[in-house]
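Data block below; observations after.
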2 protein chains.
Amino acid sequence: MIFTTKAEYGVRLMVELGRQAKPGGAATSLKAIAAAEALPLAYLERIVALLKKAGLVESTRGAHGGYRLSRTPAEITMDDVVLALEGTVAPMNCFVDDTDGSSRVLCSHESDSGHACATKLLWLRVQGGVMEKLAQTTLAELVEFSHREPAATASALKNEQEDLTHA
Amino acid sequence: MIFTTKAEYGVRLMVELGRQAKPGGAATSLKAIAAAEALPLAYLERIVALLKKAGLVESTRGAHGGYRLSRTPAEITMDDVVLALEGTVAPMNCFVDDTDGSSRVLCSHESDSGHACATKLLWLRVQGGVMEKLAQTTLAELVEFSHREPAATASALKNEQEDLTHA
DNA sequence: CGCCAATCCTACCAACGAGGTCGGAGATGA
DNA sequence: TCATCTCCGACCTCGTTGGTAGGATTGGCG
């Protein structure tokens, strides 16, 4: 399992906000999103707090308040979202995230044995692959994808999968 | 955290086996590996059992027994290893692994709301990125990497990282 | 002004999986 | 026979995660 369901819910929440993206328009209440996606409201509150702290989302309090995206969906890449929720995308606990956000490699097993920690090479590659895919995917893309019919999405996903396999 | 430390230990174990890869030669005892890598022996026993079940490793019991690779390091890719240990590389619990090994997408949230589950697109891409990197890396590569001096590996890793960022 | 609908915020809880241990039972060479 | 190793299953403990409870704030609206 690469990501937690917190990330799943967070992405789903962002997509739902993207669907109602009226530029300066009305905010969407969490309750509406929770109902639309059948997700626990109380838990969503905690998740959206992370998104807000990361500056991906704005809020207006009080009655008829809610949340809206602080950027257009096309300007939001999924590494922003996942990083805000997961804190860091590290394959292993060797990886300690640094101040600049890019994870540095600090492997404890290195000094013990005389030789280098070969697994670093592998985990670094994997992490690079993940971050690459996350950065390539924009929220606008997911929003557009969610507008299709479920039948159409199946074949679309199949194509993606094939593209990946013989890439 | 993408992978568990079980995968970390497993890869480390495989690398250590690869280092002593005499073609038909003597087997390496787990005790030796545990000592070399400063890993808990009892836990390694459970890990290597998975590797054996996956056919990546052979064993000879009794005194002077141990484990050896069942293929040459160049023929072993890391997706074999990780899959054997992790069971499945799925970004989310939506993903249920199928009989053929390739994970199918079964998302419960799909039928609820009228629209498609957009997160599937994202997770599928991420998973593809991970599997791609794993399949590209052979055990031989890691073994060769571990033979260098720690000083040399630092710069080598740095180059990898740079390659990834502006790729 | 007073109600209601929202965001906020903190503490709390239960369940699960993961890392790790223990003890023993089979094999096998010296 | 004895030491050494693989095997195997039952345990245990601890951190994290998903999820809840309950309340403060804030602000629109009648």
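Note on naming: letters A, B, ... go to the chains in the order of the sequence lines (proteins, then strands), and numbering restarts at 1 for each one.
- Looking at the side chain of A/Y67, the nearest of the listed nucleotides D/dT6, C/dT7, C/dG29 is C/dT7.
- The nearest whole Å value for the distance from the CD atom in A/E58 to the P atom in C/dC8 is 11 Å.
- A sub-4.0 Å separation between OP1 or OP2 of D/dC7 and a side-chain N or O of B/K52 is present.
- A donor-acceptor contact under 3.5 Å links the side chain of A/R61 to the base of D/dT25.
- A close approach under 4.0 Å does occur between a side-chain nitrogen or oxygen of B/K31 and OP1 or OP2 of D/dC5.
- Taking the side chain of B/A42 as heavy atoms from C-beta on, and the options D/dG18, C/dT21, C/dA6, the nearest nucleotide is C/dT21.
- At distances below 3.5 Å, at least one donor-acceptor pair connects side-chain atoms of B/R19 with backbone N or O atoms of B/S146.
- Heavy-atom distances to DNA chain C give each of B/E86 and A/T60 a nearest nucleotide, and the one nearer the 5′ end belongs to A/T60.
- A/H64 places its NE2 atom 8 Å from the C1' atom of D/dC29, with the value rounded to the nearest Å.
- A salt bridge links A/E8 with A/R12: at least one charged nitrogen is closer than 4.0 Å to a carboxylate oxygen.
- Taking only side-chain nitrogens and oxygens, B/Y43 never comes nearer than 4.0 Å to OP1 or OP2 of C/dC22.
- Within the structure, a side-chain polar atom (N or O) of B/Y9 is placed less than 4.0 Å from OP1 or OP2 of C/dG20.
- Two residues, A/E45 and A/K6, neighbour DNA chain D, and the one matched to the more 5' nucleotide by heavy-atom proximity is A/K6.
- At whole-Å resolution of the value, CD1 in B/I47 and C1' in C/dA18 are 11 Å apart.
- Between the CG atom of A/L121 and the CD atom of B/E144 there is a distance of 9.5 Å, given to the nearest 0.5 Å.
- Residues A/R46 and A/S59 both approach DNA chain C. Their nearest nucleotides, taken by heavy-atom distance, put A/S59 toward the 5′ side.
- Comparing C/dT7, C/dA30, D/dG28 by their closest approach to the side chain of A/L30 singles out C/dT7.
- Rounded to an integer number of Å, the gap from CD of A/E8 to C1' of D/dT17 is 15 Å.
- For A/L41 and D/dG22, the CG to P distance is 15 Å, given to the nearest whole Å.
- Rounded to whole Å, atom C1' of C/dC9 lies 16 Å from atom CG of A/L44.
- Atom P of nucleotide C/dC9 and atom CG of A/L50 are separated by 12 Å, given to the nearest angstrom.
- For C/dA18, neither phosphate oxygen OP1 nor OP2 lies less than 4.0 angstrom from any side-chain nitrogen or oxygen of B/T4.
- Atom CG in A/L13 sits roughly 10 Å away from atom P in C/dT7 (whole-Å rounding).
- Between B/Y9 and B/Y43, the ring-plane angle classifies as perpendicular under the 30° and 60° cut-offs.
- Using a 4.5 Å heavy-atom threshold, the side chains of A/E16 and A/E37 count as touching.
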